[in-house]
Amino acid sequence: MANITEISWENFEALSLDEKKPYLQRGGGDTMPYHTLFAQQFDRDLLERLCALSNRIRFINKSKEGALYLKSVLAHKRAMLYFSQPSSRTFLSHLAACQLLGITTGSVRDAATSSEFKGESREDSIRTFSSYFDMIIMRSPEQGLAEKMAWELSNASRPVPILNAGSGKDQHPTQALLDIYTLVRSFEEKGGLDGRTVVFCGDLLRGRTVRSLSYLLTNFKDVKQIFVAPPALRVPDDVVASLAAKGVSYEITEDLKAAVKVADAVYMTRIQDEWDESKGESARIDTSRFKFGAEELALLGPDGAIMHPLPRRDEIATCCDRDPRAMYWRQMRNGMWIRAALIASTFGLEKEIMNCGY
Ligand code: ASP
């Protein structure tokens, strides 16, 4: 078995994502991640297990006895939520997921209130958290930081798991998990997710949720992916290359209406202008054709799903909000359930919760 304590950081960093995967697992025969860093760690079996555990937690939590049981399972653990980039849903749903499982939490949401303000490096800050907490849930503008810290903390005297809650423009694995959970639930009684067509629209270049979800979708059979974006915000080459390598059918277009007509799900995203290299760069891009409104709603099939990782600006008109196909509100709550399932699984509680008497 690959052991992360037996490989140098330089050699680990140089591995491909697929090669890194076994180093990040719980071990002892369980392929579930110990550190959750990128979407490529999840295969179909793990996705199905997490969806099943989410459903189970959701059900158990309905009764007071069940909720109290859940609150007892990790009451001996503490988690640190370290978010050095803005967040509403990811922060709150992780917090709520911890609360569901009885985990005590601490948080830093603004480096200006921590010793980083005094010049401490992020690495040193995270090492500090590992002295007091049993898990670190972190969001950072730095692409490789979560991975570096996973290696560092595995090799420290007190190893604790890292859960990547958004790493720069790169990945947002737990968002992708909740997106998959939402899609699986949406199509559960309509023949499943295999064979579906998923349309991504908006800032596909800098949207980390797109990279993570695009990858997770490759675990399903014959799911076609259509990428709709202005030329300046087109889906990055690495995403396309990974689809091509896996023989996944995809299309790149600027015609949202045509894509919606054949879509089972439409995943809208906002313009990620926080990454602009010069002031007003994004505002100069014509994004008017990349919005979902009444006309697109009329073109979407009756079983279609409209999704968005949120926050939304004007990519989805508010007239869509009450339509039964609008899944973006459900995505939020699904995020809490699947994050609870992931955290419970990280601590090895999957079987116990699946088999409990509630
Ligand atoms: N909330 C998502 C993220 O953190 C999407 C977004 O911000 O547009 O990446």
Side-chain angles (χ1 to χ4, degrees), residues 36-39 81-97 107-111 136-147 162-183 198-217 227-230 232-236 238-239 265-276 281-283 285 287 290-292 305-318 320 326-336 338-339 342:
T36 297
L37 304 178
F38 42 79
L81 292 110
Y82 172 54
F83 278 58
S84 55
Q85 262 189 317
S87 174
S88 300
R89 281 150 289 267
T90 306
F91 179 85
L92 290 174
S93 61
H94 275 109
L95 180 68
S107 64
V108 167
R109 303 197 62 178
D110 181 355
I136 296 170
I137 301 167
M138 60 176 282
R139 165 171 288 193
S140 163
E142 258 174 77
Q143 184 165 326
L145 186 64
E147 196 173 306
I162 295 272
L163 215 152
N164 176 8
S167 48
K169 284 179 265 185
D170 185 39
Q171 288 246 4
H172 197 343
T174 65
Q175 172 72 45
L177 290 176
L178 78 87
D179 294 334
I180 287 290
Y181 184 44
T182 304
L183 285 164
V198 177
V199 172
F200 291 93
C201 178
D203 188 342
L204 309 185
L205 180 66
R206 302 174 293 185
R208 56 192 171 195
T209 67
V210 174
R211 176 176 286 100
S212 294
L213 179 57
S214 169
Y215 180 80
L216 282 195
L217 284 170
F227 300 98
V228 189
L233 301 174
R234 214 172 248 177
V235 62
D238 67 294
V239 176
V266 183
Y267 191 91
M268 298 300 297
T269 63
R270 79 178 163 89
I271 303 304
Q272 312 276 313
D273 46 16
E274 65 269 40
W275 299 109
D276 280 2
E281 183 186 318
S282 293
I285 300 171
T287 55
F290 306 92
K291 298 183 200 295
F292 195 101
I306 312 161
M307 298 174 68
H308 196 306
L310 302 175
R312 123 178 105 173
R313 289 178 183 164
D314 60 354
E315 309 79 48
I316 301 180
T318 50
C320 304
M327 290 295 152
Y328 31 101
W329 312 126
R330 293 192 195 180
Q331 276 171 273
M332 284 198 280
R333 194 157 165 83
N334 286 342
M336 176 178 75
I338 203 146
R339 283 168 173 139
L342 179 66

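This structure is a prediction, so every number in the text was calculated from the model and none was measured. What's counted below: heavy atoms across the whole structure, side chains too, no hydrogens, waters or symmetry copies. All ligand and atom numbering here is 1-based and tracks the order in the structure. Position 1 is the first residue of the sequence, and the numbers go up from there.
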*Asks:* Just jot down the ligand 1 atoms closer than 4.0 angstrom to any heavy atom of Gln272, in number order.
*Replies:*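 Numbered from 1, ligand 1 contributes 6 (C), 8 (O).
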*Asks:* Looking at Phe227, Phe290, Phe292, which one forms a ring-ring contact (aromatic ring centres under 6.0 Å, His included) with Phe200?
*Replies:*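 Of the listed residues Phe227, Phe290, Phe292, the ring-ring contact (aromatic ring centres under 6.0 Å, His included) partner of Phe200 is Phe227.
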*Asks:* Give a yes-or-no answer on whether the side chains of Arg206 and Ser282 include a donor-acceptor pair shorter than 3.5 Å.
*Replies:*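 There is such a pair between these side chains.
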*Asks:* Ligand 1 versus Arg208, non-hydrogen atoms closer than 4.0 Å: side chain, backbone, both, neither?
*Replies:*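 Looking at Arg208 and ligand 1, just side chain atoms fall under 4.0 Å.
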*Asks:* Are any non-hydrogen side-chain atoms of Gln331 and Met307 less than 4.5 angstrom apart?
*Replies:*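 Answer yes - side chains close enough.
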*Asks:* Provide the number and element of each atom of ligand 1 under 4.0 Å from a heavy atom of Arg270.
*Replies:*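 Result: 6 (C), 7 (O), 8 (O).
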*Asks:* Given that the side chain starts at C-beta and the backbone is N, CA, C, O, which of these parts of Arg89 lies under 4.0 Å from ligand 1, counting heavy atoms, or is it both or neither?
*Replies:*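 Neither part.
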*Asks:* Is it true that a side-chain atom of Thr269 and a backbone atom of Asp203 form a donor plus acceptor pair closer than 3.5 Å?
*Replies:*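 Yes, Thr269 side chain to Asp203 backbone: donor-acceptor pair under 3.5 Å.
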*Asks:* Closer than 4.0 angstrom: is that true for some heavy atom of Arg139 and an atom of ligand 1?
*Replies:*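 Yes, that is the case, since the closest heavy atom of the residue is under 4.0 Å from the ligand.
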*Asks:* So which heavy atom in the protein is nearest atom 5 (C) of ligand 1, and how far is it from that ligand atom?
*Replies:*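 Of every protein heavy atom, Leu310 O, 3.5 Å lies nearest to atom 5 (C) of ligand 1.
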*Asks:* In terms of atom number and element, which parts of ligand 1 are under 4.0 angstrom from non-hydrogen atoms of His172?
*Replies:*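 This gives 3 (C), 4 (O), 9 (O) as the contact atoms.
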*Asks:* Distance-only, no hydrogens or angles: does the Arg139 side chain make a donor-acceptor pair with backbone N or O of Arg109 under 3.5 Å?
*Replies:*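 No; judged by distance alone, with no hydrogens or angles, the pair does not exist.
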*Asks:* Does CZ in Arg89 sit with more than 12 non-hydrogen atoms of other residues, nucleotides or ligands closer than 6.0 Å?
*Replies:*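 Count over threshold, so yes.
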*Asks:* Indicate, as side chain, backbone, both or neither, the part of Thr90 found under 4.0 angstrom from ligand 1 when only non-hydrogen atoms are considered.
*Replies:*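 Looking at Thr90 and ligand 1, no heavy atom falls under 4.0 Å.
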*Asks:* Heavy-atom contacts with Pro311 under 4.0 Å: which atoms of ligand 1 show up? List them by number with element.
*Replies:*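 Ligand 1 atoms under the 4.0 Å threshold to Pro311: 1 (N), 6 (C), 7 (O).
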*Asks:* Look at the side chain of Thr174 and the backbone N and O of Ala165, then say whether any donor-acceptor pair between them is shorter than 3.5 Å.
*Replies:*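 Checking the backbone N and O of Ala165 against the side chain of Thr174, no donor-acceptor pair under 3.5 Å is found.
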